Every structure is written in C-alpha cells, then in structure tokens.
Amino acid sequence: MGQRQLIPRPFYDRPVLEVARDLLGAVLVHHDVAVRLTEVEAYAGGHDPASHAFRGPTPRNAVMFGPGGHAYVYFTYGMHFCVNLVCGPEAQASAVLLRAGEVIDGIDCARLRRPGARDRDLARGPARLTVALGIDRALDGADVTRADSPLRVLRGDPVPDEQVRRGPRVGVSSAAELPWRMWIDGEPTVSTYRPHTPRKPRSA
DNA sequence: TTCGAGATCGGCT
DNA sequence: GCCGATCTCGAAG
C-alpha cells in the first residue's frame with residue numbers, strides 16, 4: 001500500500017460529477033485500514049436541495065464551504081457517521097458522499113470493528129464504511145491530500161467507463177431522481193438500492 | 001427475498 | 001419539537 005500515490009488537491013477542484021466518477025477505484029486510508037471505493041454519491045452544494053449545504057453555512061457543514069480535498073464528517077440518525085470529500089469550486093460547497101467500498105488492507109482490524117459481518121459487507125453502506133475505517137467526527141475537516149493526515153485518499157487502478165454505472169441517490173427525499181449515485185458494475189461491495197421511505201410518526 | 005419498524009440524538013425550523 | 005445522505009432485526013411472501 002505504501003507505493004500508492006496521494007491524490008493531489010487539484011483533483012478535487014473540478015466539477016463534482018467528474019470528481020465523483022474519478023473517485024471510483026480510489027483508496028481511502030485511515031491508520032491501518034484501507035478501502036477501495038466502489039460506490040459514491042454527488043451533492044451539488046448550495047443549489048442541491050438534497051445537500052446539507054442547501055440552506056447555507058452552519059457550524060456543522062462549515063467544512064463544505066472551505067477548500068476542496070477536505071473531509072466532511074457528519075453524525076446522523078443519532079448513531080451513524082458518514083464521510084464526504086469536499087470538491088468543486090471553493091465555497092460552492094459541493095461534496096461526494098463515500099457510500100461503499102472493498103476493504104483491501106487491514107481487514108482483521110475492520111472485522112474487529114464489525115463483528116459478525118461478512119467481508120463483502122464490512123464497508124457496504126456509508127455508515128458501515130465509517131465503522132470499518134474507524135472514522136468519527138474528530139476527522140471532520142481533515143485534509144485528505146496531505147501525507148501527514150490521519151485520513152488520506154490514494155490513487156487506485158483506473159476504472160474504465162464501461163464499468164461505471166449511474167442511478168438515483170439513496171435515502172434522500174428531494175431531487176432523488178438525479179442519477180448522481182455512481183458505482184462499479186458487478187462489485188459485491190456496492191450497497192443495494194433502496195428508495196427513500198419516510199418514517200411513520202411514533203405512537204404509544 | 002422483501003418489507004416495516006425501532007434505535008437514538010444533534011441540528012435546524 | 002421534528003426529522004434525518006442509516007442499519008439491523010424480525011415477520012411475512
């Protein structure tokens with residue numbers, strides 16, 4: 001894994017859909033666990049009603065309005081973390097949600113973090129991916145282009161266009177029809193598509 | 001295999 | 001207060 005190269009900052013200073021597509025096959029590393037990204041989802045910042053940045057900057061989403069190549073880590077549903085990589089023109093607040101991947105290094109460590117899970121399920125889904133890698137809010141704002149960062153993104157083997165598939169985003173209640181979810185065709189580590197389902201109100 | 005509900009809490013209206 | 005870029009388990013087909 002040491003021979004893989006860091007992806008430099010300009011990679012992220014491009015339109016979000018291009019960055020998302022090129023992140024497929026890239027390798028996310030946190031300490032001793034490495035994951036090859038097989039599924040990502042694009043969020044187009046302030047103009048995208050499904051984006052956390054849609055209603056403007058807040059303390060939580062502040063990182064999205066900063067420079068590209070930084071990680072936006074947020075907490076949701078009272079129990080899950082998810083990771084995004086900020087990209088696009090600065091202050092546009094575009095980001096790519098990392099949805100799933102294949103553990104290619106440190107698999108023993110990942111298994112300990114997700115006991116009982118099959119190997120293909122270790123990082124299958126955005127919240128599972130953060131568990132397998134040990135990512136939490138402390139990494140919010142981390143610069144993934146720096147060699148001395150705890151969280152880094154490295155080049156992987158390129159994924160040819162014919163292996164890239166696109167479809168609707170998962171779990172969002174607005175603009176869900178945009179085909180901004182991308183994954184590598186035939187990968188068993190890609191999460192199964194489930195349309196957004198509003199939850200029933202609680203009752204006694 | 002598919003579906004529905006619960007868990008659990010921070011952020012924003 | 002309300003609701004979420006989710007996951008897991010249990011029940012039914």
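If you're wondering where the values come from, they're calculated on a predicted model, not measured in any experiment. Atoms considered below: every heavy atom in the structure, side chains included; atoms not considered: hydrogens, waters and symmetry mates. In what follows, chains carry the letters A, B, and so on, assigned in the order in which the sequence lines appear, proteins first and then strands, with residues in each chain numbered from 1.
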**Prompt:** At under 4.0 Å between heavy atoms, what does R137(A) touch on the DNA or RNA strands: base, sugar-phosphate, or nothing?
**Reply:**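 Since only primed, P, OP1 and OP2 atoms lie under 4.0 Å of R137(A), the category is sugar-phosphate.
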**Message:** By the 4.0 Å heavy-atom rule, please label R169(A) as base, sugar-phosphate, or nothing.
**Reply:**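 Answer is nothing: R169(A) stays at 4.0 Å or more from every strand.
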Spacing between [X] atom [atom1] and [N] atom [atom2], to the nearest angstrom:
X       : N       : atom1 : atom2 : value
R55(A)  : dC3(C)  : CZ    : C1'   : 11 Å
F75(A)  : dA7(B)  : CZ    : P     : 16 Å
Y72(A)  : dG10(B) : OH    : P     : 15 Å
D121(A) : dC9(C)  : CG    : P     : 11 Å
M79(A)  : dA7(B)  : CE    : C1'   : 4 Å
F54(A)  : dC3(C)  : CZ    : C1'   : 17 Å
Y74(A)  : dC3(C)  : OH    : P     : 18 Å
F81(A)  : dG11(B) : CZ    : P     : 10 Å

**Message:** Can a side-chain donor-acceptor contact be found between Y12(A) and H70(A) if the only test is distance below 3.5 angstrom?
**Reply:**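 Short answer, no.
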**Message:** Regarding R36(A) and E187(A), does a basic nitrogen lie under 4.0 Å from an acidic carboxylate oxygen?
**Reply:**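 Answer for the salt bridge query: yes.
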**Message:** I'd like to know if R111(A) pairs up with D119(A) as an ion pair, taking the criterion as any Lys NZ or Arg NE/NH1/NH2 lying under 4.0 Å from an Asp or Glu carboxylate oxygen.
**Reply:**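 So R111(A) pairs with D119(A) through a salt bridge.
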**Message:** Within residues 38-50 of chain A, which residues have any heavy atom lying less than 4.0 Å from an atom of DNA chain B?
**Reply:**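 DNA chain B contact set from residues 38-50 of chain A: none.
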**Prompt:** Taking DNA chain B as the partner, which of residues 56-71 of chain A come within under 4.0 angstrom of it by heavy atom?
**Reply:**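 Contacting residues: T58(A), R60(A).
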Treating [X] as the side-chain partner and [Y] as the backbone partner, does any N or O pair qualify as donor plus acceptor under 3.5 Å?
X      : Y       : value
H30(A) : L151(A) : no
D48(A) : Y43(A)  : no
R99(A) : E39(A)  : no

**Item:** Test side chain to side chain donor-acceptor pair (under 3.5 Å) applied to S149(A) - qualifying residues, sequence neighbours left out
**Value:**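 In terms of side chain to side chain donor-acceptor pair (under 3.5 Å), with neighbours along the sequence ignored, S149(A) is linked to no residue.
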**Item:** F81(A): ring pair (Phe, Tyr, Trp, His ring centres under 6.0 Å) partners, not counting sequence neighbours
**Value:**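 If we apply the ring pair (Phe, Tyr, Trp, His ring centres under 6.0 Å) test to F81(A), skipping adjacent residues, the hits are F75(A).
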**Prompt:** Is it the case that one hydrophobic cluster holds both V172(A) and M64(A), taking links as side-chain heavy atoms less than 4.5 Å apart, direct or via other members?
**Reply:**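 In one cluster: yes.
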**Message:** Starting from L129(A), can I reach V19(A) by hopping between I/L/V/M/F/W/Y residues whose side chains sit under 4.5 Å apart?
**Reply:**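 Shared cluster, yes.
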**Request:** Mind listing the closest non-hydrogen atom pair of G69(A) and D143(A) along with its distance?
**Result:**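 Heavy-atom minimum between the residues: O-OD1, 3.4 Å.
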**Position toward the 5' end of DNA chain C (nearest nucleotide), G78(A) or L129(A)** =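 By nearest-heavy-atom nucleotide position, the 5'-most residue is G78(A).
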**Request:** Could you check G171(A) against R114(A) and say which one's nearest nucleotide on DNA chain C is further toward the 5' end?
**Result:**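 Taking each residue's closest nucleotide, the earlier one in sequence belongs to G171(A).
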**Prompt:** Within the structure, does a side-chain N or O atom of R124(A) lie under 4.0 Å from either OP1 or OP2 of dC7(C)?
**Reply:**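 No, because none of the side-chain N or O atoms of R124(A) sits under 4.0 Å from OP1 or OP2 of dC7(C).
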**Prompt:** Given dC7(C), is OP1 or OP2 found less than 4.0 Å from the side-chain N or O atoms of H80(A)?
**Reply:**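 So the side-chain polar atoms of H80(A) never come under 4.0 Å of the phosphate oxygens OP1 or OP2 of dC7(C).
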**Message:** Strictly by side-chain hydrogen bond (donor to acceptor under 3.5 Å, both in side chains), give each pair with a member in residues 123-142 of chain A just once, sequence neighbours left out.
**Reply:**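 Qualifying pairs, neighbours excluded: D121(A)-R124(A).
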**Asked** Stacking between Y77(A) and the base of dA7(B) (centre distance under 5.5 Å, interplanar angle under 30°)?
**Response**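 No, aromatic ring not over the base.
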**For DNA chain B, stems built from three or more consecutive Watson-Crick or G-U wobble pairs below 3.5 Å** =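 Listed by first number, the stems are B:1-7 with C:6-12, B:9-12 with C:1-4.
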